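Shown next, in structure tokens, is the structure this report addresses.
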Amino acid sequence: MGKSNKLVLIDGNSIAYRAFFALPLLNNDKGVYTNAVYGFTQMLLKILEDEKPTHMLVAFDAGKTTFRHKTFGEYKGGRQKTPPELSEQFPFIRQLLDAFQIKRYELENYEADDIIGTLASHAADGDWDVKVFTGDKDLLQLVTPDVEVVLTRKGITEVEAYTVEQVNERYGITPDQIIDMKGLMGDPSDNIPGVPGVGEKTAIKLIKQFGSIEKVLDSIDGISGAKLKERLTENKDQALMSKELATITKEAPVEISLDETNYKGFENSLVFPLFKELGFNSLLERLGGDEEIPQETEKEELTYKNATSIEPDMLKSPSSLVVETLTEDYHKAKIHGFALSNESGTFYISSNLAEKSEDFKAWLEDENQKKKMFDAKRAHVALHGQGITLNGIEFDVQLASYLLNPSESLDDVADVAKQYGKLNVDANEAVYGKGAKKKLPEEDVLAEHLSRKAHTIFRLSDILAEKLKENEQSDLFYHLEMPLALVLAKMEEYGVKVKADTLQKMGTDLELQVTSLEKEIHDLAGVAFNINSPKQLGEILFEKLNLPAIKKTKTGYSTSVDVLEKLEGKHEIINKILIYRQLGKLKSTYIEGLLKVVKEDTGRIHTRFNQVLAQTGRLSSIDPNLQNIPIRLEAGRKIRHAFVASKPGWKILAADYSQIELRVLAHISQDENLIEAFKTEMDVHTKTAMDVFHVEEGEVTSEMRRHAKAVNFGIVYGISDYGLSQSLGITRKEAGEFIKSYLESFPGVQQYMKDSITDAKQNGYVSTLLHRRRYLPEINSRNFNLRSFAERTAMNTPIQGTAADIIKKAMVDMDQRLSEEKLEAKMLLTVHDELIFEVPEEELQKLEQIVCEVMEQAVELDVPLKVDVNWGDSWFEAK
DNA sequence: TCTCACACGC
DNA sequence: GACGTACGTGTGAGAT
């Protein structure tokens with residue numbers, strides 16, 4: 001022992017069987033049997049702990065027949081079928097190994113034994129210690145001075161290791177004589193016949209005396225006992241064949257090298273979710289996976305002070321700060337109280353007291369007084385509404401938590417606290433109620449709640465800061481997301497001017513059209529019904545008018561656009577319904593929806609950007625959503641006429657990144673072909689069409705370009721072949737061909753796709769250029785859908801997320817530049833790959849130049865970033 | 001108050 | 001070959 005490499009080889013099937021029969025039939029909360037998986041896991045953990053292997057592999061039997069069946073058709077005949085309760089557990093065992101990042105291997109026509117034998121012999125160069133774990137004594141034949149075989153005894157974790165000496169001690173023969181012994185005595189479990197009447201005792205005696213089967217058979221005359229002689233003579237061939245069957249081959253065509261079995265340990269982030277799914281709580285606990293699941297159900301006591309006056313001692317730096325607002329919309333929201341926590345203690349400050357204190361106000365505005373907060377943007381905007389400018393925001397627990405894991409829910413301090421095992425703060429909903437019943441509690445309840453929040457934020461901030469550092473996300477946090485929050489706050493507060501009368505006029509026009517369409521549709525149907533009700537519409541189309549129902553939903557007929565489009569031409573009513581839908585959508589969502597949120601006094605709309613929601617790192621926009629204002633169809637696009645500059649003589653300027661995702665893809669994948677396309681400023685869809693359809697530039701038809709564009713779209717959004725087939729109206733097979741052809745044309749992209757998945761499987765997450773993360777625990781799922789989805793996400797998120805990083809960076813830089821250059825122009829909106837400004841006419845040229853510069857230089861990629869700028873009197877004209 | 005089907009943008 | 005297919009937000013209908 002003590003060589004540089006330690007290889008552990010596990011006989012997967014054998015250990016799984018052992019575990020299955022050794023443990024009672026456990027099942028998890030979903031009714032799936034897990035006893036074999038559980039036992040297997042226990043065994044694995046013990047091996048990892050005891051052996052600390054540098055290399056590891058688990059071998060499985062593949063299929064039913066092996067090369068041994070050619071020698072003897074009845075090999076392993078008469079064996080009991082694997083119980084279904086066990087076979088259903090094998091997928092989990094594979095999933096388990098993947099989660100542990102342990103190599104597993106199976107080989108057509110060979111048994112696990114042969115894989116193990118072959119790899120063990122590959123390791124026989126003196127540099128390796130090998131340990132084989134199995135329940136099958138046959139494997140003892142593999143024992144050498146370098147190879148130990150460990151047999152399971154009772155249960156699963158009780159084992160017995162065999163060295164050469166121990167084999168000799170137990171059987172009195174050498175390990176390579178095991179096969180001779182087997183040849184003579186046979187093995188009923190594998191249906192190996194051997195020599196009738198010869199059992200273990202006789203076999204060992206003979207082998208000890210003569211050395212091997214061959215020598216025994218050569219020396220039959222010298223054997224004592226007439227009966228035994230006769231049997232040996234009669235079953236000569238059978239004995240030799242039995243030996244052959246019992247021999248584990250060391251020359252299986254194993255395609256895996258020892259290097260590839262290298263084992264670097266496992267990631268809790270991959271193993272814990274699976275343990276949770278399987279219900280292995282005790283194992284979770286053993287690995288420390290329950291650290292995040294607090295055991296105590298009682299809140300700890302918190303000492304806080306309900307301040308009656310603002311004392312200098314209370315206002316420390318750093319402090320955590322809670323600024324409580326209850327309405328979802330924080331613009332001009334009422335502030336119901338404050339709390340802060342710092343080295344002096346935790347204090348509740350009523351809004352009354354706060355309002356009267358100049359000291360407190362000064363502290364809030366002091367850049368040098370550092371504050372740790374939860375959702376600082378909300379507080380910042382709300383305070384601004386009271387004439388206070390919040391400065392010195394140092395840490396936002398909500399934002400930090402989002403970067404650490406965007407999939408966790410983080411509406412509330414309690415959500416984040418729970419993730420880090422802290423239970424000392426209640427959810428807002430528990431304190432205030434929800435919906436119509438939401439209300440302010442008694443002041444002492446409020447005081448305690450806010451104090452607890454402040455205290456928790458103070459404690460969490462250090463923990464989260466440390467984690468960000470570990471993840472190399474500090475830069476992303478401090479220099480991108482934190483400053484961005486304030487840029488967004490500014491944009492939200494400033495708002496965007498919308499001409500209500502323009503919307504109103506459009507609304508009146510639409511009203512007329514909708515009403516007349518409604519009448520025509522009712523006439524065609526022969527009955528009045530609610531066209532907006534998919535249920536009623538379905539009944540009319542597919543029952544009354546007997547049109548063919550193409551698709552069904554859970555609740556009835558589908559009446560979605562793609563269904564209706566297929567029915568166009570079959571009945572006059574279809575086209576009218578499509579137009580009715582389109583106009584109805586414009587009217588309700590965009591005209592009426594927007595009018596509802598225009599502030600009467602200012603004529604502006606103040607959306608809110610959610611910075612902690614989208615899994616890819618993008619921003620989202622609510623109340624209203626200004627990121628889905630129509631553009632594709634002319635009728636809808638007209639809505640943009642209503643979005644104008646807020647001052648006379650000012651213009652709207654829109655700057656959008658051209659093909660940012662594909663440029664990012666070119667950079668990340670380093671695909672030479674794609675990089676070249678962007679460096680030479682080719683039209684990327686045309687270029688794609690040329691490569692996919694193998695034609696020259698001049699031969700690209702608009703149909704080819706359309707298809708190429710859809711493929712690019714699919715690559716960027718991570719859609720499947722099915723998704724592509726739907727968007728192009730072609731078969732899935734054809735779509736698959738397109739994708740295949742695309743990947744052949746862009747081999748760097750293909751490699752990137754593969755690497756992304758491998759990356760995700762290995763780390764449990766994927767990352768963007770600026771180290772944004774997305775965890776994909778389902779990447780190793782045995783469920784095809786979940787796994788495929790995770791795989792597409794693994795390929796897509798680095799692209800979309802990096803694009804998000806870039807535009808966010810551009811926004812932060814742009815905000816800085818606008819003030820440095822003392823421009824009056826204002827950044828108003830961001831729509832994923834574009835920035836919208838309003839700008840005095842005289843600044844147009846300068847802004848255009850600065851915007852291009854800032855956006856194109858936001859990060860440096862191996863392909864140029866390109867920005868298109870347009871401006872006009874309204875958002876419609878800025879196209 | 002919730003879920004569903006649908007539709008808009010990137 | 002299965003399986004059911006980017007991310008968001010908002011609308012009206014209909015069941016609870």
Side-chain angles (χ1 to χ4, degrees), chain A residues 406-407 434-438 529-538 551-564 577-578 580-594 596-597 607-633 635-637 639-640 656-657 659-662 710 712-727 732-733 735-736 774 781-797 799-801 803-804 807 829-834 875:
Chain A
S407 71
K434 65 169 177 175
K437 281 177 251 156
K438 189 168 180 174
F529 67 101
N530 186 344
I531 309 168
N532 286 322
S533 160
K535 188 166 174 276
Q536 294 183 32
L537 180 61
K551 209 167 72 180
K552 285 216 151 198
T553 66
K554 265 184 279 185
T555 46
Y557 306 106
S558 168
T559 65
S560 61
V561 193
D562 52 312
V563 171
L564 294 186
I577 291 167
L578 284 166
Y580 175 91
R581 279 253 179 91
Q582 196 196 333
L583 300 182
K585 171 82 178 175
L586 287 178
K587 184 164 169 287
S588 66
T589 304
Y590 296 105
I591 305 288
E592 287 159 10
L594 284 174
K596 261 185 247 169
V597 292
T607 187
R608 302 196 305 282
F609 292 105
N610 196 336
Q611 199 182 350
V612 294
L613 188 137
Q615 300 298 301
T616 50
R618 277 182 168 184
L619 297 166
S620 72
S621 151
I622 52 166
D623 235 13
N625 181 355
L626 290 181
Q627 298 189 319
N628 70 344
I629 303 300
I631 189 163
R632 238 181 65 245
L633 299 170
R637 191 172 195 156
I639 302 276
R640 295 176 176 231
D656 66 288
Y657 279 114
Q659 305 295 355
I660 187 166
E661 281 98 350
L662 290 174
N712 280 330
F713 181 86
I715 298 287
V716 167
Y717 288 111
I719 62 172
S720 56
D721 53 357
Y722 180 87
L724 181 64
S725 74
Q726 291 296 297
S727 72
R732 211 177 96 187
K733 200 168 159 226
R774 182 172 186 180
S781 170
R782 86 213 117 80
N783 176 316
F784 175 88
N785 287 324
L786 294 180
R787 190 179 62 247
S788 309
F789 182 59
E791 286 174 357
R792 292 204 301 276
T793 309
M795 302 186 270
N796 156 253
T797 294
I799 304 173
Q800 220 187 101
I807 194 153
L829 296 175
T830 167
V831 188
H832 306 310
D833 65 353
E834 75 178 315
W875 196 4

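Here the structure is a predicted model, which means the values were calculated and not measured. The chains referred to below are lettered A, B, ... by the order of the sequence lines, with proteins before strands, and numbering in each begins at 1.
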What is the distance, rounded to the nearest whole Å, between atom CD1 of A/Ile807 and atom C1' of C/dG8? 16 Å

What are the bounds, 5' to 3', of the part of DNA chain B that sits under 4.0 Å from heavy atoms of chain A? B/dT1 to B/dC10

Is the shortest side-chain N/O distance from A/Gln615 to OP1 or OP2 of C/dA6 below 4.0 Å? no

May I ask which nucleotide in the shown strands pairs with C/dA2, Watson-Crick or G-U wobble, both distances under 3.5 Å? none

Between A/Lys733 and A/Asp721, is there a salt bridge with N-O shorter than 4.0 Å? no

Answer yes if the side chains of A/Arg581 and A/Ser560 hold a donor-acceptor pair under 3.5 Å, and no otherwise. no

Looking at residues at least two apart in the chain, or sitting in another chain, which of them share a side chain to side chain donor-acceptor pair (under 3.5 Å) with A/Tyr717? none

First encountered from the 5' end of DNA chain C, between A/Arg618 and A/Asp623: A/Arg618

Rounded to whole Å, CZ of A/Arg581 lies from P of C/dT11 at a distance of 17 Å

At under 4.0 Å, does any side-chain N or O of A/Ser533 touch on OP1 or OP2 of C/dG14? yes

N or O in side chain of A/Asn796 less than 4.0 angstrom from C/dA6 OP1/OP2: no

Quickly work out the A/Glu791 CD to C/dA6 C1' distance and round it to whole Å. 15 Å

Please pick, from C/dG8, C/dG14, C/dC7, the nucleotide with the shortest atom-to-atom distance to any side-chain atom of A/Arg774. C/dC7

Any side-chain N or O of A/Thr589 below 4.0 angstrom from OP1/OP2 of C/dG10? no

A/Lys552 to A/Tyr557 six-membered ring, cation-pi geometry met (6.0 Å, 45°): yes

Contacting residues from residues 624-632 of chain A, given that a heavy atom lies under 4.0 angstrom of DNA chain B: A/Gln627, A/Asn628, A/Ile629, A/Pro630, A/Ile631, A/Arg632

From the list C/dA15, C/dT11, C/dA6, which nucleotide is the closest neighbour of the side chain of A/Lys535? C/dA15

When you measure only distances, ignoring hydrogens and angles, does the side chain of A/Ser720 come within 3.5 Å of the base of C/dT5 through a donor and an acceptor? yes

Whole-Å gap separating C1' (C/dG4) and NZ (A/Lys554): 12 Å

Is any side-chain heavy atom of A/Leu626 closer than 4.5 Å to a side-chain heavy atom of A/Pro624? yes

Tell me the interatomic distance from A/Glu592, atom CD, to C/dT9, atom P, rounded to whole angstroms. 22 Å

Can you confirm whether A/Thr797 sits close enough to A/Gln615 that some side-chain heavy atom of one is under 4.5 Å from a side-chain heavy atom of the other? no

